[in-house]
Structures are given as C-alpha cells and as structure tokens.
Amino acid sequence: MKTYEYLANSILILKHNLPGVFEQNIYNATVNGSLWTLPVEFLCYVACYLVWRMGLTKEKIMAYTIPLFAFGYILMHIILTENKLLISALRPCAMFYCGMLLDTYRDRVRVRIQYVLLNFIGIILCTYLEVLEYGIILFLPYILIYVAFGTKKKLSYFGRKYEISYGMYLCAWPIQQTIVMLFGGKMNPIVNFLISIPMIITAGLLLQILENRYMAK
C-alpha cells in the first residue's frame, strides 16, 4: 500500500519514501527530495496567472508591487522563523516574483558586466552582514540574467533547444542516492558529486531530447 501512496506526488501530495528503497543510506531514505518544490511551483504559476488577470503585470502598475512584496516577504520571514519547511518555500516564491519583474521590465534592463560586479559585491556584503537570505533575492537574479543573456556566446541559445536544468534537477537526487547505496550507504559528498554529475547531465539531456521529439509530433 505504501508503494502506491508514492503516486500521490503526482497530485502534489508529498510522499518521500518507498518501502525498502535507500533505507540504509546515510542521507535518509528519501527517494527524490526535489519533489517538495512541486506544490510551491504550482502555487507560483497560479499566482502568476491571477496577477496577470488582475493587470498587475503592466509596466505602469508592476512597480507598485515591489514595496508590497518586500514588506510581505520580510514579514513572513519573521513570522515563520521557527518553521524551517515554510521558510524554505519562501525563497523560490521570491525568485519567481523576481523573474516576473525582470520579464515585465525586460526592455529596460541593461545587461552589463559592471553591474554584475556590483551585484557580486552586494552578495559578499550580505554574507558578511549575515543577511544572505535577502541578498540572494536582491542580487542573484541579475547575475543569472547576465550569464544567460549577457555573455558573448549566450547560453540562452543553447537553452532554447536543450533546456536540461529541470531534468537534471528532477533526476539528481535519485541518481545520487543510488550511488550512495552502491557504495554501502555512505560516501564522501565530493566523490558522490564527481561520480554522479556526468550521469545527471546525461539524464537531463535525454529527457530534453525525448521532450523535443514528443513536441515535434
């Protein structure tokens, strides 16, 4: 019965363990911990649709949501300080909002290396001041935008055809857990990373190839 309960993940009811799977692993028996983000992603997409329907994504209006979002995020962070599970869900929600913001004002964003350096300095300062949780949201999105669109050989061109990051994200955990299991249930995390990363990249690429073929039909 517990095996069938795992299928509840497909309807956003999280079930992390399967009977007899990875039970001897040092990192607990979670089969695919990455699935915890599925409900968060779903709610973010719903929120995105509602915000769009209300007309809040228009350039003249979106700017007014920034102070509201900042206040709400800080308030929720304070209220949920003791709830590590809900705190972990706040950051991806904030990054999703940053993505919406950057998309709305994409024609005004100037992607330049000097601004990237300033954002790196901002992250370093936030680390020193022990407020990195906020620094990541303020400064990391611009750095990622530069990596994707500001480099000479833009990674966005590759991503249009082979967007393997999400496939890697979904496959990484079970691949790494399997490798740990084959090594007796425990191993050095760096060794695990070096062994598993080629397999994870390959899995992400294969999933993208299959998706491309399916979409081409």
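Bear in mind that the values here come from a model prediction, so they are computed numbers and not experimental data.
A distance of 10.5 Å separates SG of Cys171 from CD1 of Ile164, quoted to the nearest 0.5 Å. Rounding to the nearest 0.5 Å places CD1 of Ile201 at 11.5 Å from OG of Ser165. Residue Cys98 holds its SG atom at 7.5 Å from CG of Leu138, rounded to the nearest 0.5 Å. Taking OG of Ser34 as the reference point, atom CH2 of Trp36 lies at 9.5 Å (rounded to 0.5 Å). In this structure, CZ in Phe69 is found 9.5 Å from CD1 in Ile74, a value given to the nearest 0.5 Å. Rounding to the nearest 0.5 Å gives a distance of 7.5 Å between CD1 of Ile123 and CZ of Phe139.
No more than 12 heavy atoms of other residues, nucleotides or ligands sit less than 6.0 Å from atom CD of Glu130. Heavy-atom neighbours of Ile190 CD1 from other residues, nucleotides or ligands within 6.0 Å: at or below the threshold of 12. A 6.0 Å sphere centred on OH of Tyr169 holds more than 12 heavy atoms belonging to other residues, nucleotides or ligands.
Put simply, Ile78 and Leu132 are part of the same group of oily side chains (I, L, V, M, F, W, Y) that touch within less than 4.5 Å, one to the next. Taking hydrophobic clusters as Ile, Leu, Val, Met, Phe, Trp and Tyr residues chained together by side-chain heavy-atom distances below 4.5 Å, Val21 does not share a cluster with Tyr4. When the side chains of ILVMFWY residues are joined at heavy-atom separations under 4.5 Å, either directly or via intervening members, Ile61 and Tyr97 end up in a single hydrophobic cluster. Under a hydrophobic-cluster definition in which Ile, Leu, Val, Met, Phe, Trp and Tyr are linked whenever side-chain heavy atoms come within less than 4.5 Å, directly or via other members, Leu56 and Leu68 are assigned to different clusters. Criterion: ILVMFWY side-chain heavy atoms under 4.5 Å apart, direct or through other members. Under it, Met199 and Phe193 are part of a common hydrophobic cluster.
Taking the six-membered ring where tryptophan is involved, the planes of His77 and Tyr134 are tilted, since the angle between them lies from 30° to 60°.
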Test side chain to side chain contact (heavy atoms under 4.5 Å, CB included) on Leu35 and Tyr6 and set out the steps.
CA-CA 11 Å; Leu35 298 182; Tyr6 192 78; 3.7 Å; yes
Apply side chain to side chain contact (heavy atoms under 4.5 Å, CB included) to residues Arg108 and Glu59 and explain how you reach the verdict.
CA-CA 10 Å; Arg108 300 188 184 186; Glu59 285 193 25; 3.1 Å; yes
With side chain to side chain contact (heavy atoms under 4.5 Å, CB included) as the test, would you mind laying out the steps for Thr202 and Leu205 before giving the verdict?
CA-CA 5 Å; Thr202 301; Leu205 184 59; 5.7 Å; no
Run the side chain to side chain contact (heavy atoms under 4.5 Å, CB included) test on Arg91 and Glu133 for me, step by step, so that the C-alpha distance in whole Å, both residues' side-chain angles and the decisive distance to 0.1 Å come before the verdict.
CA-CA 8 Å; Arg91 185 188 297 173; Glu133 177 66 33; 2.8 Å; yes
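Using a distance-only test at 3.5 Å, with no hydrogens or angles considered, no donor-acceptor pair links the side chain of Asn192 to the main chain of Ile179. Without hydrogens or angle criteria, Asn32 side chain to Leu170 main chain gives a donor-acceptor distance under 3.5 Å. Remark: side-chain polar atoms of Arg106 are paired, donor with acceptor, to backbone N or O of Asp103 under 3.5 angstrom. Between the Trp173 side chain and the Thr30 main chain, a donor and an acceptor come within less than 3.5 Å of each other.
Smallest separation of non-hydrogen atoms from Ala29 and Gln177: C-NE2, 4.3 Å. Summarising the geometry of Leu18 relative to Val31, their closest heavy-atom pair is N-CG2, 3.8 Å, with the distance given to 0.1 Å. The nearest pair of heavy atoms linking Arg112 to Tyr142 is N-OH, 2.9 Å. Among all heavy-atom pairs drawn from Pro92 and Ser88, the shortest one is CD-O, 3.1 Å. When all heavy atoms of Tyr105 and Lys58 are compared, the pair lying nearest together is OH-O, 4.4 Å. When all heavy atoms of Gly167 and Leu207 are compared, the closest pair comes out as CA-CD1, 3.9 Å.
For residues 15-44, no residue pair satisfies the salt bridge (charged side-chain N to carboxylate O under 4.0 Å, His left out) rule, not counting sequence neighbours.
For Tyr45, the ring-ring contact (aromatic ring centres under 6.0 Å, His included) partners two or more places apart in sequence, or in a different chain, are Phe96. With sequence neighbours left out, the ring-ring contact (aromatic ring centres under 6.0 Å, His included) criterion links Phe22 to no other residue.
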